[in-house]
Amino acid sequence: MRRSSILSLVISTALGIAIVADDDGDWTGSGTWGLVAIALAYLVIGLARGELRRPRVLWAQLAGVAGFGLVAGVALLVDPDVGRYVVAAGWLAHAAWDLVHFRAKLVVPTWYALGCVVVDAFVGVSLAW
């Protein structure tokens with residue numbers, strides 16, 4: 001494993017622990033809109049890096065933004081007890097999305113995708129807990 005990946009794992013684990021420790025129980029704020037923001041981050045970073053020149057990759061990122069946005073919207077429309085689990089599932093799904101990007105070495109740097117896997121998993125599990 002590369003040094004940047006190990007550093008990413010250490011930092012993202014610390015960040016994940018800090019996020020979980022600072023949980024105020026209100027998932028409707030950063031928990032919900034953070035899900036949309038991280039999907040948009042992949043789109044913006046991919047555009048900046050020139051990774052979205054291939055139509056399939058661009059459409060996949062656009063679908064990701066739409067899909068995670070839909071999850072956030074649904075979470076806000078359903079019963080709050082159910083919505084919390086919908087958002088948790090969205091964060092865990094984004095962790096899987098990150099893992100796909102890490103393995104494919106596309107759109108974002110691998111250290112970024114790896115760090116996102118860890119943070120997203122922490123957030124998803126903490127919301128479901």
Side-chain angles (χ1 to χ4, degrees):
M1 186 176 284
R2 297 168 74 182
R3 199 167 120 183
S4 61
S5 294
I6 293 170
L7 185 59
S8 177
L9 282 174
V10 170
I11 292 171
S12 60
T13 299
L15 180 60
I17 291 169
I19 290 169
V20 170
D22 191 41
D23 180 26
D24 63 358
D26 182 18
W27 58 268
T28 60
S30 61
T32 302
W33 299 116
L35 185 60
V36 178
I38 59 174
L40 282 170
Y42 270 59
L43 183 64
V44 171
I45 293 168
L47 285 168
R49 295 181 76 215
E51 292 277 339
L52 304 183
R53 285 184 230 130
R54 294 190 317 228
R56 284 181 57 179
V57 177
L58 174 60
W59 282 109
Q61 296 312 304
L62 290 171
V65 170
F68 290 113
L70 181 65
V71 168
V74 166
L76 292 172
L77 293 174
V78 299
D79 180 81
D81 291 332
V82 174
R84 178 182 192 95
Y85 292 106
V86 171
V87 171
W91 280 92
L92 293 172
H94 199 275
W97 178 259
D98 299 325
L99 190 57
V100 168
H101 285 81
F102 174 76
R103 302 228 351 123
K105 295 179 172 76
L106 282 174
V107 183
V108 296
T110 55
W111 63 264
Y112 183 90
L114 184 60
C116 262
V117 168
V118 174
V119 172
D120 293 357
F122 266 102
V123 173
V125 169
S126 73
L127 286 170
W129 197 265

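This is a predicted model, so every value here is computed, not measured. One-based numbering along the sequence shown.
- Shown here are the side chain to side chain contact (heavy atoms under 4.5 Å, CB included) partners of Ala88, two or more places apart in sequence or in another chain: Leu127, Ala128.
- No chain of hydrophobic side-chain contacts below 4.5 Å, direct or via other Ile, Leu, Val, Met, Phe, Trp or Tyr residues, connects Val100 to Val108.
- Residue pairs meeting the side-chain hydrogen bond (donor to acceptor under 3.5 Å, both in side chains) criterion with at least one member in residues 64-76: none, sequence neighbours excluded.
- Atom SG of Cys116 sits about 12.5 Å away from atom CZ of Phe102, to the nearest 0.5 Å.
- Take Leu70 and apply the side chain to side chain contact (heavy atoms under 4.5 Å, CB included) test, not counting sequence neighbours, and it matches Val74.
- One hydrophobic cluster holds both Val57 and Leu62 under the rule that ILVMFWY side chains link at heavy-atom gaps under 4.5 Å.
- In this structure, the side chains of Val78 and Tyr85 stay at 4.5 Å or more apart for every pair of heavy atoms.
- Shown here for Gly64 and Ala39, the closest heavy-atom pair between the two residues is O-CB, 4.2 Å.
- Not counting sequence neighbours, the partners of Leu92 by the side chain to side chain contact (heavy atoms under 4.5 Å, CB included) test are Val125.
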Intermediate values then yes/no, side-chain contact (heavy atoms from CB on, under 4.5 Å), Val86 and Val71: CA-CA 7 Å; Val86 171; Val71 168; 3.9 Å; yes
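- Hydrophobic clustering of Ile, Leu, Val, Met, Phe, Trp and Tyr side chains at less than 4.5 Å, counting indirect connections, unites Val82 with Val123.
- For residues 39-59, the set of pairs meeting the side-chain hydrogen bond (donor to acceptor under 3.5 Å, both in side chains) definition, not counting sequence neighbours, comprises Tyr42-Asp98.
- Taken together through direct or relayed side-chain contacts under 4.5 Å among Ile, Leu, Val, Met, Phe, Trp and Tyr, Trp97 and Val44 form parts of separate hydrophobic clusters.
- When all heavy atoms are compared, the tightest approach of Leu58 to Leu52 is CB-O, 3.6 Å.
- Annotation: the span from Thr32 atom OG1 to Trp91 atom CH2 amounts to 9.5 Å, rounded to 0.5 Å.
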Step-by-step side-chain contact (heavy atoms from CB on, under 4.5 Å) determination, Trp33 to Leu76: CA-CA 10 Å; Trp33 299 116; Leu76 292 172; 3.2 Å; yes
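- Within the model, atoms CG of Leu35 and CG of Leu40 stand 10.0 Å from one another, a figure rounded to the nearest 0.5 Å.
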